K.L.:
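Before anything else, here's the structure in question.
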Amino acid sequence: MRKSVMPAVVLAMLCGLPSAAPAAAADPAAIVEDLRGPPTEVAPLDYLASGTVIHLNAQNVIVIDFLRSCTREIISGGMVRVGALQSEVTDGRVERQKVSCDGGRRQVPATSESEGAAPNFAAPPRPRGQPGEGGVERTLYGRNPLFDLGGPGRLVLERMDQQGEKIELDITAGELLHGRFYDFAKEDRSLKRGGIYRATFGRRTIVFLIDPLAKSGATPLAGRLLRF
């Protein structure tokens, strides 16, 4: 019996089709903050890769936060093609605004407090091979972080610029949003403005600063998401 062979051109075309599925957590361009209206290809807290296509009907309103450009989009209807820094919207309406976020970049403490940045401090020992030795890795612009933990476990937060503040949480699967996120805003927990914290989850640690002007509550995700 002759085997059916798919022409190379057709195979290439199929492989090149944009995916409407959420991005893997490794290197997303954006995250869905909210979705109103009928279900579509994505849901709140889905990561989105550059190139993802989302089809909205006239009743859909989606809010997308871009993690590197700090752009927040409110899109009503149409077809959305996610880019690296913003979306391309066809047959729909989009409103864009800049939000406070650090674009996921590693932060370097200032050499002087007069420079208006975080004071110098000596970071505690970290497991060999982990990034961020010697200083603050992230700045969050919301007092209520959204932690991407990937699953249940023990989360420990320790204040580094002052002694005494420590939060230890044994987080269950039932407390996670979308199977991987723990939201301080939902749990009515907040951190101190200007505080430098070390977050430990399993063998992973991140040192971060809460901006001195950080706002409280469910602020835009790009400014308060911390990914382990």
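Remember, it's a predicted structure, so these values are computed and weren't measured experimentally. By convention here, the first residue in the shown sequence is residue 1.
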K.L.:
Is there side-chain contact between His178 and Asp46, with at least one heavy-atom pair below 4.5 Å?
P.N.:
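They are in side-chain contact.
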K.L.:
Just verifying a value: how many Å separate Cys101 SG and Arg138 CZ, rounded to the nearest 0.5 Å?
P.N.:
7.5 Å
K.L.:
How close do Gly103 and Cys70 get, counting heavy atoms only, and between which atoms?
P.N.:
N-SG, 3.8 Å
K.L.:
Is it the case that the side chains of Gln86 and Thr71 hold a donor-acceptor pair, with the cut-off being a distance below 3.5 Å and no angle test?
P.N.:
no
K.L.:
Counting distance only, does the side-chain N/O of Arg143 pair as donor-acceptor with the main-chain N or O of Leu191 below 3.5 Å?
P.N.:
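Yes; at least one donor-acceptor contact below 3.5 Å.
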K.L.:
Between Leu45 and Leu221, does a side chain to side chain contact (heavy atoms under 4.5 Å, CB included) hold up when you go through it step by step?
P.N.:
CA-CA 9 Å; Leu45 296 180; Leu221 299 186; 3.8 Å; yes
K.L.:
Hey, what do you get for CD1 (Ile64) to CD1 (Ile31), rounding to the nearest 0.5 Å?
P.N.:
11.0 Å
K.L.:
State, to 0.1 Å, how close Thr219 and Gly142 come at their nearest heavy-atom pair, and which atoms those are.
P.N.:
OG1-CA, 3.8 Å
K.L.:
If you count heavy atoms of other groups shown closer than 6.0 angstrom to CZ of Arg93, is the number above 12?
P.N.:
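No.
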K.L.:
Pick out which of Glu41, Glu88, Met79 makes a side-chain contact (heavy atoms from CB on, under 4.5 Å) with Val53.
P.N.:
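By the side-chain contact (heavy atoms from CB on, under 4.5 Å) criterion, Val53 pairs with just one of Glu41, Glu88, Met79: Met79.
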K.L.:
Locate the shortest heavy-atom distance separating Leu67 from Pro28; write the atom from each residue and the value.
P.N.:
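Leu67 and Pro28 have their closest heavy atoms at CD1-CG, 3.9 Å.
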K.L.:
With a cut-off of 6.0 Å (strictly less than), are more than 12 heavy atoms of other residues, nucleotides or ligands near CD of Gln163?
P.N.:
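Counting neighbours around CD of Gln163, 12 or fewer heavy atoms of other residues, nucleotides or ligands fall under 6.0 Å, so no.
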K.L.:
If you group Ile, Leu, Val, Met, Phe, Trp and Tyr whenever their side-chain heavy atoms sit less than 4.5 Å apart, what else falls in with Leu85?
P.N.:
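Hydrophobic cluster check, Leu85: no partners found.
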K.L.:
Determine whether a donor-acceptor pair (N or O, by modelled atom type, separation under 3.5 Å) exists between the side chain of Glu137 and the backbone of Val207.
P.N.:
yes
K.L.:
For the residue pair Phe184 and Tyr182, does the interplanar ring angle fall in the parallel (under 30°), tilted (30 to 60°) or perpendicular (over 60°) class?
P.N.:
perpendicular
K.L.:
For atom NZ of Lys186, is the number of surrounding heavy atoms from other residues, nucleotides or ligands below 6.0 Å larger than 12?
P.N.:
no
K.L.:
Sequence neighbours left out, what passes ring pair (Phe, Tyr, Trp, His ring centres under 6.0 Å) with Phe66? Give chain and number order.
P.N.:
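In terms of ring pair (Phe, Tyr, Trp, His ring centres under 6.0 Å), with neighbours along the sequence ignored, Phe66 is linked to no residue.
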K.L.:
For residues 56-66, pull every pair meeting side chain to side chain donor-acceptor pair (under 3.5 Å), keeping only residues two or more places apart or in separate chains.
P.N.:
none
K.L.:
Nearest 0.5 Å, please: how far is OG in Ser76 from CD in Glu95?
P.N.:
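Taking CD in Glu95 and OG in Ser76, the distance rounds to 8.5 Å.
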K.L.:
Determine whether Arg193 and Ser216 make a side-chain contact, defined as any pair of heavy atoms from C-beta on separated by less than 4.5 Å.
P.N.:
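Arg193 vs Ser216: side chains touch.
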K.L.:
May I have the step-by-step check of side chain to side chain contact (heavy atoms under 4.5 Å, CB included) for Leu157 and Phe208, ending in yes or no?
P.N.:
CA-CA 10 Å; Leu157 300 176; Phe208 64 96; 4.2 Å; yes
K.L.:
Indicate the atoms forming the closest heavy-atom contact of Ala29 with Ser50, along with that distance.
P.N.:
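Closest pair (atom of Ala29, atom of Ser50, distance): CB-N, 3.9 Å.
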K.L.:
Please check if Val82 and Val99 belong to a single hydrophobic cluster, counting links between Ile, Leu, Val, Met, Phe, Trp and Tyr side chain heavy atoms closer than 4.5 Å.
P.N.:
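Unlinked, Val82 and Val99 end up in two clusters.
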K.L.:
Under 4.5 Å between any side-chain heavy atoms of Ile54 and Leu48, yes or no?
P.N.:
yes
K.L.:
Which is it for Leu225 and Phe181 under the side chain to side chain contact (heavy atoms under 4.5 Å, CB included) test, yes or no, and what are the steps along the way?
P.N.:
CA-CA 9 Å; Leu225 173 64; Phe181 297 94; 4.0 Å; yes
K.L.:
So does Lys192 get a backbone contact from the side chain of Tyr197, meaning a donor-acceptor N/O pair under 3.5 Å?
P.N.:
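A pair under 3.5 Å: yes.
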K.L.:
Is it true that, when you exclude Asp170 itself, more than 12 heavy atoms of the residues, nucleotides or ligands shown sit nearer than 6.0 Å to its CG?
P.N.:
yes
K.L.:
Distance check, rounded to the nearest 0.5 Å: Asp148 atom CG versus Tyr47 atom OH?
P.N.:
3.5 Å
K.L.:
Within this structure, what is the OG1-CG distance for the pair Thr139 and Asp102, rounded to the nearest 0.5 Å?
P.N.:
5.5 Å
K.L.:
Before accepting this row, confirm whether a basic side-chain N of the pair Asp183/Arg224 lies closer than 4.0 Å to the acidic partner's carboxylate O.
P.N.:
yes
K.L.:
Could you tell me whether a side-chain N or O of Asn144 sits under 3.5 Å from a main-chain N or O of Arg189, the two making a donor and an acceptor?
P.N.:
yes
K.L.:
Contact between Phe228 and Leu155 at the side-chain level, heavy atoms closer than 4.5 Å - yes or no?
P.N.:
yes
K.L.:
Short question: side chain of Asp161, backbone of Ile196 - any donor-acceptor pair under 3.5 Å?
P.N.:
yes
K.L.:
What is the distance from atom CD of Glu165 to atom CD1 of Ile167, rounded to the nearest 0.5 Å?
P.N.:
5.5 Å
